[in-house]
Participant: 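Pasting a structure below so you can have a look.
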Amino acid sequence: MHIDQATPAELQTALAELEQQHKHFIDQNVQLDLTRGKPSTAQLDLSNPLNNILGDSTHDDAGTDLRNYGVLDGIPAAKKLFGSILGVTDSDSSTRVFVGGNSSLSLMHYSLWFSYHLGLQANATSWRDEEQATGSTTKILCPSPGYDRHFSLCAQLGIEMIPVALTGNGPDMDQVEALVKADASIKGIWCVPRFSNPTGEVYNDETVSRLAALGQIAGDNFLVLWDNAYAVHSLSDAAPALSNIDEKAKALGTLDSVLQFGSTSKITFAGAGIGYIASSAANVKGFTQHFGMASIGSDKLNQLRHVRFLKDTTGVAAHMAQHAKIIAPKFAAVAESLESHIANTGMGEWSNPEGGYFVSFDTKPGLAKAVVALAAEAGVKLTPAGATFPNGNDPLNNNIRIAPSYPELADVEGAMAVFVNCVKLATVKQKLAE
Ligand SMILES: Cc1ncc(COP(=O)(O)O)c(C=O)c1O
C-alpha cells in the first residue's frame, strides 16, 4: 500500500491491523535497544590480545620508560601509526600528530575549550576575545543531521550553531562558502567525513578540496573540525575511499585550519582505546602546551599495546575486516527489514551506509517523535528524535538514527520488526487525521 494512494477504507483496515500488531508487540514485553553506537561484545573480543601483548616490556623502541610521566604528545611509534590513519606522512608525524589517552571526544572538547578561552596556538587571539572586540557571538557550522555530542560541546561553550544541509557527498559547500565568506565570527565546521554519523555519507573529493580551502576565505582562527571517527570502518572492500585532507591542506598552506581527530574506540576497546589529533605543527604544539596544564602524560603503555597489536595500516585493515564480518549482517538485517516493509510505501527514506555505525531514517515530516514514542511503548529504545540536530531541534521532526551494532543479530531483527510497524502506524494515523 502506498500511503498517498490509499483509500480511506484501506487506511482504516491498515490501522486496525497495525494497532493489533503493535499491541501484540507490547504484550511480548521485549526490551531492545537501537540507541547505542557501540561495539558489540564479539567486536571487543577481537582485541583481547591487547591485554597481554606487552609481557614485561616497559620501554618503547626509543628507549623511553613508558611507566613514568612525560611524552605528553605521545610516543613516536603511535604518532606514526595513528598519523597514517589520518593521512599524515611518517616524516611529518613527530611534529604534526598528538596521541593522547582514551577518547577523541575529550580531545575535541579540549580543542574547542582552548580555542574559545585561550587561542589554540601560543599567541593566537581566543574566540572569546574576538567576541568581545567585535560584539559578535562565535558560531560553528553544523552539517545536519549530525553527531549530537558535537552539538552539546558547542552548547556548553555558548557557541551558536548554524545547521547546514548535507548532500549525500558531504555538506552543501555553496552554502558553507557563502556563510563563511559573509561572517568572520564563524569559527569552524563540524565534519564526520567518512560514514557520517548518522547519514553514512562519505565526502567526495570536491567537497574535501573545498573544505581544505576554507581557511583561505574564513576569518582568523577558523577550524575544520574533522572528526574522522569511522576512517577505517567500512563494511566491505567496495566502500568509497575518502580523499586525504591533510595532503590537500598542506598543498594549499591551510593546515592551521584543519584539525583532524580519530580514535580506536571502534577499532579496539571503546573504553580503553587511544585518541589522536593531526594538524599543523603550530596547532599541535599549542594544543600540547595547553594540554600540559591538565596532564603530565597520557597512558603510554596503552599506546605501545596498540602499536604492537595493530602494527601498521595493513594490520589495521586486516583487523577491521574482522569487525566487518560481525557488523555487516546487522546492517543487512536493517536494510532487509526496511526494504521489505517500507520501500514503495511512501512512508520513509533511509541511508544504505557502506560503513560506520548508523542508519539514518527519515519519516514523513512531523512523525519522528511519534515513531520513537510508539517504539518505546513496544519496548524498543531509539535515540530521541531531534538529537541529530543542533539544540535537539529537527525542524521537520522526521529524522531517526538507528544504531544496530551492539545488539545480537536476532535482537536487531526483532527491534526492526517493531520499528517498521511503528513507522506504518504513525504514518497511517497521520494520513487519517489530514
Ligand atoms: C562521530 C563520532 N565522533 C566521536 C565519537 C566518540 O569517540 P571517542 O570514543 O573517541 O570519544 C563517536 C561515537 O559514537 C562518533 O560517532
Side-chain angles (χ1 to χ4, degrees), residues 33-40 43-44 47 74 78 81-82 85-86 97-113 140-154 156 161 166 170-171 188-203 223-235 242 245 259-278 291 298-299 302-303 306 310 316 320 323 327 331 351 353 355-360 382-384 387-390 399 401-407:
D33 192 335
L34 287 181
T35 63
R36 290 173 298 183
K38 52 184 200 177
S40 62
Q43 287 176 274
L44 297 172
S47 298
L81 171 64
F82 298 124
I85 293 180
L86 296 179
V97 177
F98 172 95
V99 181
N102 183 45
S103 173
S104 59
L105 186 65
S106 61
L107 299 179
M108 295 176 223
H109 180 270
Y110 277 126
S111 299
L112 281 201
W113 202 94
I140 285 189
L141 302 182
C142 299
S144 302
Y147 178 38
D148 51 348
R149 287 175 180 271
H150 288 163
F151 306 150
S152 32
L153 289 184
C154 288
Q156 190 187 37
M161 292 173 268
L166 282 159
I189 177 169
W190 284 112
C191 296
V192 184
R194 194 166 192 227
F195 313 128
S196 276
N197 174 353
T199 62
E201 65 202 83
V202 179
Y203 294 12
L223 293 172
V224 175
L225 299 157
W226 194 255
D227 178 4
N228 208 346
Y230 302 104
V232 291
H233 302 61
S234 48
L235 293 173
L242 176 71
I245 195 165
L259 198 52
Q260 295 199 70
F261 302 93
S263 80
T264 66
S265 290
K266 283 151 192 158
I267 298 176
T268 58
F269 295 152
I274 303 288
Y276 35 91
I277 289 180
F291 183 77
S298 302
D299 181 346
N302 202 28
Q303 294 179 9
H306 278 76
L310 296 169
V316 171
M320 293 314 291
H323 276 272
I327 203 170
F331 277 84
S351 61
Y357 266 58
F358 304 101
V359 172
S360 179
L382 294 167
T383 306
T388 51
F389 283 77
N399 186 251
R401 186 182 86 167
I402 298 172
S405 62
Y406 188 72

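Just so it is clear, the model here is predicted, and its values are computed rather than measured. Counting starts at 1 for both ligands and their atoms, in listed order.
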Participant: Using 30° and 60° as the class limits, which term best fits the ring planes of F358 and Y230: parallel, tilted or perpendicular?
Facilitator: perpendicular
Participant: Roughly how far, to the nearest 0.5 Å, is the CD1 atom of I277 from the CG atom of L107?
Facilitator: 4.5 Å
Participant: What atoms of ligand 1 come closer than 4.0 angstrom to any heavy atom of S103?
Facilitator: 8 (P), 10 (O), 11 (O)
Participant: Can you tell me how far apart CZ (R194) and OG (S234) are? Round to the nearest 0.5 Å.
Facilitator: 5.0 Å
Participant: Ligand 1 versus K266, non-hydrogen atoms closer than 4.0 Å: side chain, backbone, both, neither?
Facilitator: side chain
Participant: Please report which non-hydrogen protein atom sits nearest to atom 6 (C) of ligand 1, along with the residue it belongs to and the distance in Å to one decimal place.
Facilitator: Y147 OH, 3.5 Å
Participant: Which is closest to atom 8 (P) of ligand 1 by heavy-atom distance: G356, G37, A403, S265?
Facilitator: S265
Participant: Regarding ligand 1, does A270 bring an N or O atom to under 3.5 Å of one of the ligand's N or O atoms?
Facilitator: no
Participant: Going from CG on L166 to SG on C142, what distance comes out if it is rounded to the nearest 0.5 angstrom?
Facilitator: 11.0 Å
Participant: Taking non-hydrogen atoms only, is A229 closer than 4.0 angstrom to ligand 1 via side chain, backbone, both or neither?
Facilitator: side chain
Participant: Measure N197 to ligand 1 on non-hydrogen atoms and call it side chain, backbone, both or neither using the 4.0 Å cut-off.
Facilitator: side chain
Participant: At what distance is the nearest protein heavy atom to atom 1 (C) of ligand 1, and which residue and atom is it?
Facilitator: D227 OD2, 3.3 Å
Participant: Got a donor-acceptor contact below 3.5 angstrom from the N228 side chain to the F261 backbone?
Facilitator: no
Participant: Hey, what's the ring geometry for Y110 with F291, parallel, tilted or perpendicular (30° and 60° as the breaks)?
Facilitator: perpendicular
Participant: Measuring from atom CG of N302 to atom OG1 of T264, what distance do you get when rounded to the nearest 0.5 angstrom?
Facilitator: 7.5 Å
Participant: Within ligand 1, which atoms have a heavy atom of V192 less than 4.0 Å away?
Facilitator: 1 (C)
Participant: Look at atom 7 (O) of ligand 1 and say which protein heavy atom is nearest, naming residue and atom and giving the distance to 0.1 Å.
Facilitator: S104 OG, 3.3 Å
Participant: So is Y230 touching ligand 1 or not, going by heavy atoms under 4.0 Å?
Facilitator: yes
Participant: Which ligand 1 atoms does S263 reach within 4.0 Å, using its non-hydrogen atoms?
Facilitator: 8 (P), 10 (O)
Participant: Kindly compute the distance separating CD1 (I140) from CH2 (W190), expressed to the nearest 0.5 Å.
Facilitator: 6.5 Å
